[in-house]
Amino acid sequence: MAKRVVRSQGGYTLSVPNVQNLATSLDKSTHIPERYVRPEANVDPIARTNEIELPVIDLAKLIDPEFSKEEAAKLHRTCQEWSFFQLVNHGVPEELIKGLKANTVEFFDKPLEEKMVYKQDNNGTLQGYGQTFVLSEEQKLDWSDMFYVTTRPVALRNMKFWPTSPSTFRDNMDRYSLELTKVASCLWHYIATNLGVAPEVFEQLFKDHPQGLRFNYYPPCPEADKVIGISPHSDGSGFSILLQINDVQGLQIRKDGEWIAVSALPNALIVNLGDVTEVLSNGIYKSIEHRAMINTQHPRISLVAFHGPDNSVMLRPLPEVVGEGKLNYGSMSYQEFIKVLFNKKLEGKSVIEKLKL
Ligand code: OGA
Ligand code: NI
C-alpha cells in the first residue's frame with residue numbers, strides 16, 4: 001500500500017539518495033536500482049531529433065523602434081504555436097554568464113559533504129541541495145539532483161542556502177538574478193501588449209519580480225535509456241528562463257503529442273511559458289510540457305529561473321483577455337496553486353488541469 005504524505009503547509013519532499021553519488025558508484029555493467037527504471041522513458045519515441053529549428057526571439061530587435069512591431073508579432077506567434085523559444089541579444093553580460101557557469105560546475109564537483117552544508121529544507125521553502133516532488137516511498141525517481149534558492153523578492157532571501165564557495169558564486173547569482181529581472185520586465189511588457197492588456201497590469205502581478213533559481217545536475221547513467229532526468233511537467237511559473245550550463249543536451253519538449261529534443265544556440269536563454277501565463281491569457285498561450293533525458297557519458301547541468309507572480313495574486317483569466325468570450329479557467333490564489341504543485345509528484349500538466357473549466 002503506497003504510503004502518502006499528508007499535505008503540508010509549505011513544500012514537502014521525502015529525502016532520497018544523492019544521484020550524483022549513486023552514479024559514481026555504478027560501473028558500466030551494474031544495473032541501476034529499480035526505483036529509477038522508467039518504462040515510459042521510451043514509450044513515446046523522440047521525433048525529429050535535431051531537425052527542428054527552435055524559434056529565436058531577438059530582444060534587441062524587440063526594443064528597437066525600427067523592428068519592434070515585427071519582432072513583437074513574431075513573439076506572439078511563437079507564444080501561441082510553441083510556448084517555447086530561445087532569446088538572443090538578451091543583454092545579460094557574457095562574462096557574467098561565463099562566471100556563473102564556472103561557479104556552478106565547481107559547486108557540483110565538490111565532495112558530497114561540502115554540498116550537504118546546503119542541504120535542502122524539505123518541509124517549507126524547499127531551498128537548498130536535494131530533490132523535489134518525492135511524495136511516496138513507492139514513487140519512481142528522477143535521475144538528477146538539484147539546488148534551489150529563492151532570489152526575489154530580495155527580502156525573502158535566506159543566505160544560509162547561498163554557497164560561500166566558489167567565492168564569486170553568491171555575487172554572480174545576485175547579478176544574474178538582477179539581470180534576469182530586466183529581461184523579464186521586457187518580455188512581460190510585450191506579452192501584455194500582445195494580449196491587449198496594459199503593461200501596468202502585468203507589472204502589478206509580477207511586482208518585485210518573484211524569482212527562484214534551480215540548478216539541475218543530471219549525472220550520466222550506464223542505462224541512460226531506462227531513466228528520466230526530470231519527469232514530464234509544465235512549470236508553475238509565469239515563464240521560466242533556462243540557461244544550459246554545459247554543452248550537453250537533454251531537454252525535450254512535447255509538441256503536437258511528440259517529444260522533440262531541443263538544443264539552443266550558445267549563451268541563448270531558453271524561455272518557456274508556464275501555467276500562470278496559460279491561466280492569465282485564458283489559454284491563448286499554453287504552458288509547455290517538457291522533460292530532461294540522460295546520456296551514458298556526460299553530466300548535464302542546467303539553471304532554470306522561475307518567474308512567478310506575487311504570492312497574493314489571484315490566478316484567473318484576465319478580464320481584458322476574456323472580454324465577452326468564454327472563460328476557460330477557474331480561479332485559485334497563487335499561494336494555493338504553489339501548495340498543490342509542491343505536494344504532488346511532477347506529472348505533466350496535472351496542476352493546471354484542475355483549473356480548466
Ligand atoms: C525545470 C526543468 C529542464 C532542464 O527545472 O523545471 O524543466 O533541462 N528543467 O534542466
Ligand atoms: Ni521545467
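One-based numbering, in listed order, for ligands and for the atoms of each. Along the sequence shown, residues carry numbers from 1.
Taking the six-membered ring for Trp and thresholds of 30 and 60 degrees, Phe215 and Phe147 have ring planes inclined between 30 and 60 degrees apart. Using the six-membered ring where Trp is involved, Phe206 and Trp188 have ring planes that are parallel, under 30° apart on the 30 and 60° scheme.
Asp174 has a carboxylate O that lies under 4.0 Å from a charged side-chain N of Arg157, or vice versa, which qualifies the two as a salt bridge. Residues Glu95 and Lys98 are not paired through a salt bridge, judged by the lack of any N-O separation under 4.0 Å between the basic side chain and the carboxylate.
For ligand 1, the 4.0 Å heavy-atom shell contains residues Arg214, Asn216, Tyr218, Ile230, His233, Asp235, Leu242, Leu251, His290, Arg300, Ser302, Val304, Phe306.
The distance cut-off of 2.8 Å around the Ni ion (ligand 2) captures these protein N, O or S atoms, sorted by chain and number: His233 NE2, Asp235 OD1, His290 NE2.
Remark: the Glu278 side chain and the Tyr329 side chain contain an N/O donor-acceptor pair separated by less than 3.5 Å.
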Arg214/Ser240 under side chain to side chain donor-acceptor pair (under 3.5 Å): CA gap, chis, key distance, verdict: CA-CA 10 Å; Arg214 176 175 163 130; Ser240 310; over 6 Å; no
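Listed here is the closest heavy atom pair of Ile284 and Gln80: O-CG, 3.9 Å. Here the shortest heavy-atom pairing between Asn246 and Pro299 reads ND2-O, 3.0 Å.
In this structure, the side chain of Lys286 engages the main chain of Gly283 through a donor-acceptor pair within 3.5 Å.
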